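Scope of the values below: all heavy atoms of this structure, side chains included, with no hydrogens, waters or symmetry mates. Everything quoted here is computed from the prediction, not taken from an experiment. Residues: numbered from 1 along the sequence shown.
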Amino acid sequence: MAESSPVLEVDNLVKHYPIRKGVFGREVGRVHAVDGVSFTLWPGRSLGLVGESGSGKTTAGRAAMRLIEPTSGDVRIAGEPVTAATGRRTLARRIAMVFQDPMGSLNPRLSAAANVAEPLRIHRIGDPRSRRQRAVELLEQVGLRADLAERVPAEFSGGQRQRIGIARALALSPQVIVLDEPVSALDVSVQAQVLNLLGRLQEELGVAFLFISHDLSVVRHVCDQVAVMYLGTIVEIGSREQIYQDPRHPYTQALLSAVPIPDPTVERERIILGGDLPNPVDPPAGCRFQGRCPKVQQVCIDTNPELVVRSAGGQAVACHFADDNAVEGESR
């Protein structure tokens, strides 16, 4: 698919949750879940949002598709602004989501076909017969036989249920699918099947994926671009090759050092981070990674580094010493 214009643009997205106390619910603080996240997604491409638990990656994905209302920031789909007035019905035709827990995201009382056809029914597309026919076609497209269409979710395996969830996400032919840890609850062998399915569907349909995961091995297999999040902000973003072969942020380097290597003869120095994730209610004034960074200096404590392009390929890093952290040429 031609990449003439982005299919999803997120600009300075912010999501704060107010903390209220007292009889009158007075606001006493805010949880900075997402703080100024920006990224661009192109048709037929995949962007991975990675980071440890609490980094804000799921909140960013849900706010981008308006499942939760952002505090501020702009979101555009195919160049058109997404606002509260856009309406969820309109958005649902353009952006869909596959959730982490396939069992929890499906209606246990409905058959597989009925679950897949539910978006069509809500949007009043076709009649019951045509909706069921479309649902069966989608189930077959994701690798499930037509004779399984009337079974309920409890009669399927975890991998099969996730295939049903993917089929449902495709029902309205969206331009973007947000995948929130779509394989983390599955066995490794089943993970590979689902990831290969996603790759095939993307090639056939040209749909763009926003892939949210903590598993860097999975992201490397699926995504063209990778954005690393820490405490509500993106600290590094670039192509898959840039992030995995030449990471510039100490946090990215620490994450990659923990990824298992399939070759037992290859050794890698493990970077152990001290401390815990800072309190999102009161994030540090300087670099948010300062309390855990092995390379911290005074400027990191005093000044918050901006996300700046550091290479000719467009790799952007939020670190005062990104150029000094280059590991170009190292095989990862």
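Under the 4.5 angstrom side-chain criterion for Ile, Leu, Val, Met, Phe, Trp and Tyr, the cluster partners of Ile301 are Val296. Cluster note: Val28 groups with Tyr17, Ile19, Val31, Ile68, Val281 through ILVMFWY side-chain heavy atoms spaced under 4.5 Å, whether in direct contact or through intervening members.
Atom CZ of Phe211 and atom NZ of Lys57 lie 12.0 Å apart (nearest 0.5 Å). Note that OG of Ser239 is 7.5 Å distant from CD of Gln225, once rounded to the nearest 0.5 Å. Here the OG atom belonging to Ser130 is positioned 10.0 Å from the CD atom belonging to Glu137, to the nearest 0.5 angstrom. Remark: Ser213 OG to Gln100 CD distance equals 9.0 Å, nearest 0.5 Å.
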> Can Asp35 and His16 be said to form a side-chain hydrogen bond (donor to acceptor under 3.5 Å, both in side chains), step by step?
Replying inline: CA-CA 8 Å; Asp35 244 350; His16 293 170; 2.6 Å; yes
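Between Glu203 and Arg200, none of the side-chain N atoms (NZ, or NE/NH1/NH2) sits under 4.0 Å from a carboxylate O, so this pair counts as no salt bridge. Ion pair Asp127/Arg129 not flagged as a salt bridge, since none of the NZ, NE, NH1 or NH2 atoms sits closer than 4.0 Å to an Asp/Glu carboxylate oxygen.
Listed by chain and number, the residues in a salt bridge (charged side-chain N to carboxylate O under 4.0 Å, His left out) with Glu150 are Arg132 (sequence neighbours excluded).
Among the candidates Leu201, Val136, Ile166, Leu197, the single residue satisfying the side-chain contact (heavy atoms from CB on, under 4.5 Å) test with Gln141 is Leu201. For the pairing with Glu236, the side-chain hydrogen bond (donor to acceptor under 3.5 Å, both in side chains) check across Arg248, Arg310, Gln315, His249 returns one residue only, Gln315.
Smallest separation of non-hydrogen atoms from Arg168 and Asn115: CD-O, 3.3 Å.
Looking at Gln162, its side chain does come within 3.5 Å of a backbone N or O of Pro182 through a donor-acceptor pair.
Within a 6.0 Å radius of CD in Glu241, more than 12 heavy atoms belonging to other residues, nucleotides or ligands are found.
One hydrophobic cluster holds both Val219 and Leu186 under the rule that ILVMFWY side chains link at heavy-atom gaps under 4.5 Å.
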